[in-house]
Amino acid sequence: MNETDVIIIGAGHNGLTCAAYLALAGLRVKVVERRKVAGGAAVTEEFHPGFRNSVAAYTISLLNPKVVSDLKLAEHGLRIVERRAQNFLPAPDGSYLLTGEGRTRQSLASLSERDAARLDAFNRKLEEIADVLRALVLRAPPNVVEGFGTNAIREGFNALGTARLLGRLSLEQQRALLDLFTRSAGEMLDETFESDLVKALFGFDAIVGNYASPYAAGSAYVMLHHAFGEVNGKKGVWGHAIGGMGAITQAMARAAKEAGAEIALEASVREVIVERDRAVGVVLDNGETLRARYVASSVNPKLLYTRLVPSDALPADFLARIKNWRNGSGTFRMNVALNALPSFTALPGPGDHLTAGIIIAPSLGYMDRAWQDARESGWSREPVVEVLIPSTLDDTLCPEGQHVASLFCQHVAPELPEGKSWDDHREEVADLMIATVDRYAPGFAASVIGRQSLSPLDLEREFGLLGGDIFHGALTLNQLFSARPMLGHADYRGPLKGLYHCGSGAHPGGGVTGAPGHNAARVILRDHRAMFG
Ligand SMILES: Cc1cc2nc3c(=O)[nH]c(=O)nc-3n(C[C@H](O)[C@H](O)[C@H](O)COP(=O)(O)OP(=O)(O)OC[C@H]3O[C@@H](n4cnc5c(N)ncnc54)[C@H](O)[C@@H]3O)c2cc1C
């Protein structure tokens, strides 16, 4: 007997999105989550007495507007505000770039008139291709199938649909698309701009969660991946969810529950039950067995197939490949409680720039060196840090007059060399991150009254992110679109009947988008209706 129709492993934002869509369509859904709070990497937690923050993911743009409206997230309490400035990049020589609506061109012109004149054309090119991505994120990518049958016909139509979307592009736009999917961001930016800071502005997006040099082939795609979002209808803009990222997932959980889904917390899956090549349920760590018609997993695919599904239930070639799934975004995450706002040498005092993503990485060369350094010794002497101070936009996070900041640090080794452990080096690296910010904003270190430091190892332990990978697998060409998580399984169906992928390890990948959860729900419903009408 099936106790329910669908069991969803993991109550991250994708598991919740999938649950809500399935429950809204009338299926019985049970979500089982290992942590004591739903939300996965999109949660708000108290990290220091009286101070709450989005402890992992910290800023919103990629969340799909269809998901927001279908799940009525605003009615379930989600309120998103724009930053008053988008990005602030201070340089060691005291110059800076400040971007945002009505600001970017003027700020850039003070650094380079030539770059300011080129900015619109570059943004337009990026935006046109981001529009293509927007059209593709809520579609299953064309899936490679063997032989000729109904599957092949269905996939043929799907491929035609995708080709039609791409066919609308002019030849020049198709060339830009090819560039953005294959080239390095560094090369493209060097060809276009001369100012280090504007190159760093775009280059930072190319290395966020991408443990690679901005000159690595394929890094331009990661830059594009960070450009397809929007906030309150404004494309490419980043914003803040009042109450932190947990406000998004709490709204999703409410939507799912209201539609009838059940969410069990502190319910860690130990094993997926497989009978006659079909996933029929899960066993929890406490020994409880739950059976269902379908099992949808929102955990990293390598975690699913190397730890939860019995290896003898899987085709050998599939298992061999998924073992090589590349994880490790090279990120270190800190939350800090502050008794004062920082004052930057390049732009002292308070101001809209303190609501922006403050990027400490003043050139592509700086980012390249950070990566090379980290490869050699585990972290960089001059690390890449983004500082975001959400309490400048949101007074619900900490006591009045005090502040919280997220430090999102790039380019630390997922695993330290020479057998060293992150447990022995976490605090030393955390000190370095704070000292790095302090160099640009003297007094910052002294203002820190509490901190939480999450190394890649901690991100794995706390959130189940293998290798600390924020995207559930690198966004490299061999792990994207029809190859996410593997050629032949890009249609959200796993290699076992009844087993589906609904997390960031499926198209279109990581980020708080809701798209994999949305797309997987559609496939599960299609299969369910094909079987039961
Ligand atoms: C430090 C950091 C910063 C980031 N910053 C941003 C950002 O600012 N903006 C943005 O858009 N994206 C950001 N991201 C990326 C984004 O947060 C993730 O890609 C996204 O949240 C993943 O969502 P998901 O639902 O696919 O998976 P997850 O959120 O990882 O959810 C999977 C869930 O499965 C649970 N689980 C794991 N194993 C088991 C088990 N055995 N049994 C039951 N449950 C299990 C986990 O506890 C988790 O709740 C960031 C990520 C990190 C880690």
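Both ligands and their constituent atoms are indexed starting at 1 by order of listing. Each residue takes its place number in the sequence, starting with 1. It should be emphasised that the depicted structure is a prediction, and the values quoted were computed from it without experimental measurement.
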Query raised in the report: N/O to N/O below 3.5 Å, does that happen between Thr59 and ligand 1?
Result: yes
Report task. Find out whether Pro508 and Leu133 are in side-chain contact, i.e. whether some heavy atom of one side chain is under 4.5 Å from a heavy atom of the other. Result -> no
Query raised in the report: Within the structure, does Leu303 bring an N/O atom to less than 3.5 angstrom of an N/O atom in ligand 1?
Result: no
Query raised in the report: Under the criterion salt bridge (charged side-chain N to carboxylate O under 4.0 Å, His left out), which of Lys257, Arg28, Lys30 is the partner of Glu262?
Result: Lys30
Report task. Would you check if Arg83 and Leu393 make a side-chain contact, meaning some heavy-atom pair closer than 4.5 Å? Result -> yes
Query raised in the report: With distance as the sole criterion, is a donor-acceptor pair present between the side chains of Asp394 and His240 under 3.5 Å?
Result: yes
Report summary line: A student checking ligand 1 against Gly12 at a 4.0 Å heavy-atom cut-off should list atoms 25 (O), 29 (O), 31 (O), 33 (C), 49 (O)
Query raised in the report: Does Val299 reach ligand 1, in the sense of a heavy atom lying below 4.0 Å from it?
Result: yes
List the atom pairs, donor and acceptor, that lie under 3.5 Å between side-chain atoms in residues 67-80 and the rest of the protein, sequence neighbours left out.
| from | atom 1 | to | atom 2 | distance (Å) |
| --- | --- | --- | --- | --- |
| Asp70 | OD2 | Tyr21 | OH | 2.8 |
| Asp70 | OD2 | Lys66 | NZ | 2.7 |

Query raised in the report: Just which atoms of ligand 1 are under 4.0 Å from any heavy atom in Leu465?
Result: 30 (O), 53 (C)
Report task. Indicate yes or no: does Lys420 engage Glu428 in a salt bridge with an N to O separation below 4.0 Å. Result -> no
Query raised in the report: Looking just at side-chain N and O atoms, do Asn300 and Asp469 make a donor-acceptor pair shorter than 3.5 Å?
Result: no
Report task. Please work out which of the three classes, parallel, tilted or perpendicular, describes the rings of His353 and Phe88, given edges at 30° and 60°. Result -> perpendicular
Query raised in the report: Val32 heavy atoms, cut-off 4.0 Å: which ligand 1 atoms fall inside?
Result: 43 (C), 44 (N)
**Report entry** Those atoms of ligand 1 less than 4.0 Å from some heavy atom in Arg35
**Finding:** 47 (O)
Query raised in the report: According to the interplanar angle, ranging from 0 to 90°, do the rings of Phe228 and His225 count as parallel (below 30°), tilted (30 to 60°) or perpendicular (above 60°)?
Result: perpendicular
Report task. Kindly assign one of parallel, tilted or perpendicular to the pair Trp371 and Tyr211, based on the angle between their ring planes and the thresholds 30° and 60°. Result -> perpendicular
Query - Nearest protein heavy atom with distance in Å, relative to atom 48 (C) of ligand 1 - result: Glu33 OE1, 3.5 Å
Query raised in the report: Is it true that Gly464 lies under 4.0 Å from ligand 1, counting heavy atoms only?
Result: no
Query raised in the report: Which atoms from ligand 1 have a heavy atom of Ala41 less than 4.0 Å away?
Result: 17 (O), 21 (O), 29 (O)
Query - For atom 44 (N) of ligand 1, closest protein heavy-atom neighbour - result: Arg34 N, 3.2 Å
Query raised in the report: Which residue and non-hydrogen atom of the protein lie closest to atom 17 (O) of ligand 1, and at what distance in Å?
Result: Ala57 CB, 3.2 Å
**Report entry** Atoms in ligand 1 flagged as close to Ser298, the criterion being non-hydrogen separation under 4.0 Å
**Finding:** 27 (O), 32 (C)
Query raised in the report: In terms of side-chain heavy atoms, does Asn14 have a donor or acceptor partner in Thr17 at a distance below 3.5 Å?
Result: no
Report task. Say whether Tyr500 and Asp527, considering side chains only, have a donor N or O and an acceptor N or O under 3.5 Å apart. Result -> yes
Query raised in the report: What is the closest protein heavy atom to atom 10 (C) of ligand 1, and at what distance does it sit?
Result: Val512 N, 3.5 Å
Query - Which segment of His13 sits under 4.0 Å of ligand 1 when only heavy atoms are counted - result: both
Report summary line: Contact region, Ala267 to ligand 1, non-hydrogen atoms below 4.0 Å, reads backbone
Query raised in the report: What residue and atom, counting heavy atoms only, is the protein's closest point to atom 51 (C) of ligand 1, and at what distance?
Result: Ile470 CB, 3.3 Å
Report task. Examine ligand 1 and decide if any of its atoms is less than 4.0 Å from a heavy atom belonging to Pro516. Result -> no
Query raised in the report: Quick one: nearest non-hydrogen protein atom to atom 30 (O) of ligand 1, plus distance?
Result: His472 NE2, 2.9 Å
Query raised in the report: Near Asn14, which atoms of ligand 1 are under 4.0 Å from a heavy atom of that residue?
Result: 23 (O), 24 (P), 25 (O), 26 (O)
Requested in this report: Classify the angle between the aromatic ring planes of Phe318 and His489 as parallel (below 30°), tilted (30 to 60°) or perpendicular (above 60°).
Outcome: perpendicular
Query raised in the report: When Ile263 is tested against each of Val32, Val29, Leu16 for side chain to side chain contact (heavy atoms under 4.5 Å, CB included), which residue passes?
Result: Leu16
Query raised in the report: Is there a nitrogen or oxygen of Trp238 sitting under 3.5 Å from a nitrogen or oxygen of ligand 1?
Result: no
Report task. Say whether Phe408, considering both its backbone and side-chain N or O atoms, lies within less than 3.5 Å of an N or O atom on ligand 1. Result -> no
Report task. Give the contacting part of Arg270 toward ligand 1: side chain, backbone, both or neither, where contact means a heavy-atom distance below 4.0 Å. Result -> neither
Query raised in the report: Identify the closest protein heavy atom to atom 2 (C) of ligand 1: which residue and atom is it, and at what distance?
Result: Ala56 C, 3.6 Å
Query raised in the report: Is there a donor-acceptor contact under 3.5 Å linking the side chains of Asn210 and Ser219?
Result: no
Report summary line: Going by the 4.0 angstrom heavy-atom rule, the piece of Phe463 near ligand 1 is backbone
Query raised in the report: Which protein non-hydrogen atom lies closest to atom 40 (C) of ligand 1, naming both residue and atom, and how far is it?
Result: Val269 N, 3.6 Å
Query raised in the report: Where does the angle between the aromatic ring planes of His425 and Trp379 fall among parallel (under 30°), tilted (30 to 60°) and perpendicular (over 60°)?
Result: tilted
Report task. Find all atoms of ligand 1 within a distance of less than 4.0 Å from any non-hydrogen atom belonging to Gly503, and give their numbers and elements. Result -> 26 (O)
